[in-house]
Amino acid sequence: MTETLKGRRIAVVLFNLGGPDDQASVKPFLFNLFNDPAIIGLPGIVRTPLAKLISSRRETSAQANYALMGGGSPLLPGTRRQAEALEAVLNTRLAGDEVQVFIAMRYWHPFTEETAVDVAAFGPDEVVLLPLYPQFSTTTTQSSLKIWNETYAGSGVSRAVCCYPRADGWVEAQAQAIGTKLDEAGETSVRVLFSAHGIPEKLVSSKGDPYQEQVETTVAAVVAAIERDRGPIDHALCYQSRVGPMKWLGPSTPEAIEQAGRDGVGVVITPIAFVSEHIETLVELDIEYGELAHEKGVSLYLRAPAVGTAPLFIDALADATVGALGRTGVAPFGPGCKADWKACPYRQRKDAA
């Protein structure tokens, strides 16, 4: 009697930031965020009380912003939809295997530590760590990888995708979303603003964080995809969500909107580093910056949606997962960094080899 061969059990772990479920969880979420040494690089004896102070001071204003979205963040429901879509595609592509997609949030439930226990209970043969951050940064992917490596004690051969700034499906999904808004603008002269979450400049200059370069890589690829079909477009890269007194990457998104007003052009704005709708898109881009655009005389203000569960993007995540199964360690999906950034985990892995 011939024994039936069993397929592999493959766990795919999606890394994301997380967000508060309701008004009561806003303050502890903020504390977890600011108590991360990747966010505030101070010793714990200083960082923890500072995180308590910041979260207390920001609680009321943050609660007001989350109230605009129904009281809590839509990030987890959106990420669940992405996980379900990816799991369906992967189980079709890897028909002989059993694939389960898990969600590991950094600052709110399901915490990475909780997901590590769930993955261990699944008993995988293979583990793929896949950030929902297309561009690598020490403040996002590195922080998530660090806590995962410290907490996961289950089975399986692990590998991580550190970034995918030029993944075809990711780029094309954005190009299509922007194209729809350009069609909506019609004959109005508009500038496409690619708005990325900012980080302090010193992370790039002193820490060797590749984030800025990778964001610029994504922008160039999306612009090329749009111009392939439409010809030249007016565009600019800007950075949002500045916090604190340090100098951040610029120009800021408010500055770019004000410039558009001075130049007499409308704006099509797109979240170039976010793959899901959350407070930075639904409140900051849609409401706060929308009001700013009106105040500064911007003739038209349109916002392209995050890629969410766009089939092209989900296919890109599936490509990254399948591509990673043939290796171990940390590596980009597609072209990664151009420069030799010291914070790049792929470079660190090669140096250690």
Side-chain angles (χ1 to χ4, degrees), residues 2-18 76-106 109-134 136 140-165 167-170 173 275-276 307-334 336 345-346 349:
T2 303
E3 184 178 349
T4 302
L5 295 176
K6 292 179 62 177
R8 299 168 295 179
R9 294 171 69 84
I10 301 171
V12 180
V13 183
L14 299 180
F15 289 146
N16 211 332
L17 178 76
L76 180 57
T79 306
R80 283 179 174 147
R81 290 190 291 270
Q82 290 171 322
E84 290 166 0
L86 177 59
E87 189 172 289
V89 171
L90 287 172
N91 276 304
T92 298
R93 290 199 194 182
L94 304 170
D97 300 313
E98 179 184 355
V99 182
Q100 189 165 332
V101 178
F102 299 82
I103 296 169
M105 297 296 195
R106 187 65 185 88
H109 303 286
F111 287 116
T112 303
E113 298 90 334
E114 299 166 345
T115 301
V117 173
D118 292 340
V119 173
F122 175 61
D125 303 299
E126 311 285 348
V127 180
V128 178
L129 306 175
L130 182 60
L132 290 175
Y133 311 114
F136 177 88
T140 53
T141 304
Q142 180 173 289
S143 179
S144 293
L145 284 172
K146 181 177 183 293
I147 195 69
W148 178 267
N149 291 332
E150 290 172 352
T151 56
Y152 183 65
S155 62
V157 178
S158 294
R159 71 279 292 152
V161 177
C162 58
C163 57
Y164 42 95
D168 288 344
W170 155 240
V275 303
S276 309
V307 292
T309 56
L312 283 168
F313 175 61
I314 298 301
D315 282 343
L317 294 180
D319 291 341
T321 301
V322 173
L325 287 170
R327 61 165 176 82
T328 57
V330 182
F333 171 60
Y346 185 52
R349 176 195 174 201

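Residue indices begin at 1 and follow the sequence shown.
The distance from atom CD1 of Ile10 to atom CD of Glu98, rounded to the nearest 0.5 Å, is 9.5 Å. In this structure, CG in Leu17 is found 5.0 Å from OH in Tyr133, a value given to the nearest 0.5 Å. The structure places CG of Leu312 at 11.5 Å from CG of Leu317, a figure rounded to the nearest 0.5 Å. Atoms NZ and CZ, on Lys146 and Arg106 in that order, are 8.0 Å from each other to the nearest 0.5 Å. The distance from the CE atom of Met105 to the CG atom of Leu132 is 8.0 Å, given to the nearest 0.5 Å. Atom OG1 of residue Thr112 and atom CG of residue Asn149 lie 10.5 Å apart, to the nearest 0.5 angstrom.
In this structure, Tyr164 and Trp170 have perpendicular ring planes: the angle between them is above 60°, well past the 30° mark.
Looking at heavy atoms from C-beta onward, Val101 lies out of side-chain contact with Thr321 at the 4.5 angstrom threshold. Inter-residue side-chain proximity for Leu129 and Tyr152 is flagged as unmet; no heavy-atom pair is nearer than 4.5 Å. Looking at Pro165 and Pro134, their side chains never come closer than 4.5 Å, going by heavy atoms from C-beta outward. Looking at Ile147 and Phe111, their side chains never come closer than 4.5 Å, going by heavy atoms from C-beta outward. Proximity of Thr141 to Cys163: side-chain heavy atoms (C-beta onward) are nowhere separated by under 4.5 Å.
Thr115 places a side-chain N or O within donor-acceptor distance of the main-chain N or O of Ile103, the cut-off being under 3.5 Å. Proximity of a side-chain donor or acceptor of Arg8 to a complementary backbone N or O of Asp125 within less than 3.5 Å is not detected. Side-chain atoms of Gln82 come within 3.5 Å of backbone N or O of Gly308 as a donor-acceptor pair.
When all heavy atoms are compared, the tightest approach of Val307 to Ala173 is CG1-CB, 3.7 Å. Considering every non-hydrogen atom in both Arg159 and Arg327, the closest pair reads NE-O, 2.8 Å. Considering every non-hydrogen atom in both Ala104 and Val13, the closest pair reads CB-CG1, 3.7 Å. Heavy atoms only, all atoms of each residue included: Thr79 and Ser276 are closest at OG1-OG, 4.4 Å. Nearest heavy atoms, Ser155 versus Val127: O-CG2, 3.9 Å. For the residue pair Leu76 and Pro110, the shortest heavy atom distance occurs at CD1-CD, 3.7 Å.
Here Arg93 pairs with Asp315, Asp319 under the salt bridge (charged side-chain N to carboxylate O under 4.0 Å, His left out) rule; sequence neighbours left out. With sequence neighbours excluded, no residue forms a salt bridge (charged side-chain N to carboxylate O under 4.0 Å, His left out) with Glu113.
No more than 12 heavy atoms of other residues, nucleotides or ligands sit less than 6.0 Å from atom CG of Asp168.
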Decide ring pair (Phe, Tyr, Trp, His ring centres under 6.0 Å) for Tyr346 and Phe136; before the verdict, give the C-alpha distance in whole Å, the side-chain angles of both, and the deciding distance to 0.1 Å. CA-CA 11 Å; Tyr346 185 52; Phe136 177 88; over 10 Å; no
